[in-house]
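Structure, as structure tokens:
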Amino acid sequence: MIIKDVTTTVFRHMTRRHSDSAGHAHPGPEHPVEVALLTIRTEDGDEGYSFCPPEIVRPHVLDKFVRKVLIGQDHRDRERLWHDLAHWQRGSAAQLTDRTLAVVDCALWDLAGRALNQPVHKLIGSYRTRIPAYGSIMCGDEIEGGLATPEDYGRFAETLVARGYKGIKLHTWMPPVSWAPDVKMDLKACAAVREAVGPDVALMLDAFHWYSRTDALALGRGLHELGFAWIEEPLDEQSLSSYKWLTDNLDIPVIGPESAAGKHWHRAEWIRQGACDILRTGVNDVGGITPALKTMHLAESFGMECEIHGNTAMNLHVAAASKNARWYERGLLHPFLEYDDGFDYLKTLSDPMDEDGYIHVPDRPGLGEDIDFDHIENNRVA
Ligand SMILES: O=C(O)[C@H](O)[C@@H](O)[C@@H](O)C(=O)NO
Ligand SMILES: [Mg+2]
């Protein structure tokens, strides 16, 4: 039970996903990206794993904070270990981020599940073993035949419905696309998708994150007319009062916050201030499975749905253990990429989807990631 060491393995993973200057993903030629596998090991030889970008678990962060909190502790004390790390953030000179808390917390949950031979959602207290997915489309681009026009979005939406998705979320065009952002073009893409899929598919928009109040109001009113299920992050989420204003002035549900700091504490303020109709959380956004569960329960206490940001096993287990998440966000998707091809360091998908659009939570222990340790070792860089 006692944590003996915390180590990382950095390895190369081949991907066709590229990040633009705003951090949004787009397709491109295959290229190597470095990924870190964090391993937490106990004296009994049990291990828990979680993946992240190498900088999240760089030596300074592990040496100065993570190892000092974890080593010698009972790995089952996740709540106390999480708070010990969270309290150190204030005095960490901004070096100990929510992303590091998240990867450590996920590895501890994975360790508990692997040690007990149980899936994490069963340890938490499961609500379901399958959940409907919405297809989360990548941000628009200027790639011929990609996501360059409203018609491109419409055509892609048709293929997603044929794959089985019962919900689709658009991310429309944002800088560095030369002419973005553009509310009228956002609405044209949304109208093309609604026209393509008909009235029964749930549609959502995750727009340019820095529109003005007046632009966000016009966008939300247009989406309401198209029967969209929610509008997401059209304003800077640092302005809670702007979201209260927008929520008060729109009929379409406003969801948030996704990217705002403050974990479950700040999300409590969003609810208290009436700044959203649907709450949002995400394991990477709030610092782990532990605080994500707190956020789910917070929302439930106010009769609110709480939708979970992002794919991967960690978010899937939170969804499986929660009643008030309607969807699993499966993405990001693009016409030029085959999501079901998965990752070269996982032997099978962590979020397999059937032809009816349901994700089936793998019955494997821990987070259920089917890790290809040989691939990691053969592609190790540090
Ligand atoms: O803003 C981004 O980087 C992407 O939109 C990403 O976070 C996407 O996963 C998202 O916002 N989903 O809701
Ligand atoms: Mg989003």
Side-chain angles (χ1 to χ4, degrees), residues 15 17-28 33 51-53 56 97-99 102 131-141 147 153 156 160 165 167-177 180-181 186 189-190 193 202-211 216 219-220 223 228-238 243 246 252-261 266-267 270 275-287 292 295 305-316 318-319 325-334 337 339 343 350-351 359:
T15 180
R17 286 171 173 79
H18 294 251
S19 284
D20 65 25
S21 56
H24 294 112
H26 302 283
V33 167
F51 296 96
C52 67
I56 303 294
T97 65
D98 289 352
R99 285 297 300 272
I131 180 168
Y134 67 81
S136 193
I137 300 176
M138 277 183 178
C139 292
D141 51 45
L147 294 171
Y153 275 94
F156 188 43
L160 297 181
Y165 289 99
I168 296 171
K169 183 166 85 178
L170 292 82
H171 294 87
T172 36
W173 298 275
M174 310 186 195
V177 167
D186 292 345
C190 293
V193 169
L203 299 178
M204 303 74 113
L205 175 66
D206 190 336
F208 176 59
H209 310 321
W210 296 279
Y211 276 129
L219 183 57
L223 294 176
F228 272 50
W230 76 60
I231 183 171
E232 180 175 333
E233 206 171 350
L235 300 159
D236 189 323
E237 289 187 341
Q238 296 177 90
Y243 274 88
L246 189 66
I252 185 173
V254 176
I255 186 172
E258 170 171 314
S259 56
H266 189 51
R267 283 158 179 75
W270 272 60
C276 61
D277 302 295
I278 303 170
L279 197 62
R280 191 150 178 74
T281 191
V283 171
N284 278 335
D285 302 310
V286 297
T295 316
E305 286 149 357
C306 184
E307 297 299 330
I308 301 160
H309 170 215
N311 60 344
T312 70
M314 57 188 180
N315 285 307
L316 180 58
V318 173
R326 192 184 292 263
W327 300 97
Y328 169 80
E329 181 173 12
R330 197 169 196 250
L332 295 171
L333 310 174
H334 191 280
L337 297 173
Y339 182 87
F343 297 94
S350 297
D351 56 359
I359 306 295

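All values below were derived from every heavy atom in this structure, side-chain atoms included, with hydrogens, water molecules and symmetry-related copies excluded. Note that the coordinates shown come from a computational prediction; the quantities given were computed from them, not determined experimentally. Note that ligands are numbered from 1 as they come in the structure, with each ligand's atoms numbered from 1 the same way.
Between D285 and E258 the shortest side-chain heavy-atom distance falls below 4.5 Å. Within the 4.5 Å cutoff, side-chain heavy atoms of Y243 are placed close to those of E233. Between P257 and L279 there is a side-chain heavy-atom pair separated by less than 4.5 Å. A heavy-atom distance below 4.5 Å is not found between the side chains of C276 and R267. Counting heavy atoms from C-beta outward, Y339 and N311 have side chains that approach closer than 4.5 Å.
An N or O contact shorter than 3.5 Å is missing between Y134 and ligand 1 by distance. Considering backbone and side-chain atoms together, H309 places an N or O closer than 3.5 Å to an N or O of ligand 1.
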Check the pair R280, E329 against salt bridge (Lys or Arg N to Asp or Glu O under 4.0 Å), reporting the backbone distance first and the verdict last.
-> CA-CA 12 Å; R280 191 150 178 74; E329 181 173 12; 2.8 Å; yes

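Which parts of ligand 1 touch D206 is read off a 4.0 Å heavy-atom cut-off, strictly below it: atoms 10 (C), 11 (O), 12 (N), 13 (O). Residue-ligand proximity, H209 to ligand 1, at heavy-atom distances under 4.0 Å covers atoms 1 (O). Each of the atoms 12 (N), 13 (O) of ligand 1 lies under 4.0 Å from some heavy atom of R280. Atoms of ligand 1 lying under 4.0 Å from at least one heavy atom of E232, given by number and element, are 13 (O).
The six-membered or imidazole ring of W173 lies near that of Y153, with a centre-to-centre distance under 6.0 Å.
Formation of a donor-acceptor pair under 3.5 Å by the R326 side chain with backbone atoms of E305 is not found in this model.
At the shortest separation from atom 13 (O) of ligand 1 among protein heavy atoms lies K169 NZ, 2.6 Å. Counting protein heavy atoms only, atom 12 (N) of ligand 1 is closest to E329 OE2, 2.9 Å. If you check which protein heavy atom lies closest to atom 4 (C) of ligand 1, you get H24 CD2, 3.8 Å. Taking atom 10 (C) of ligand 1 as the reference point, the nearest protein heavy-atom neighbour is H171 NE2, 3.2 Å.
The Mg ion (ligand 2) lies under 2.8 Å from an N, O or S atom belonging to D206.
In the model, D141 has no side-chain atom that pairs as donor or acceptor with a side-chain atom of H26 under 3.5 Å.
Looking at E232, its N, O or S atom nearest to the Mg ion (ligand 2) turns out to be OE2. E258 contributes OE1 as its N, O or S atom closest to the Mg ion (ligand 2).
No part of E233 comes within 4.0 Å of ligand 1, judged by heavy-atom distances.
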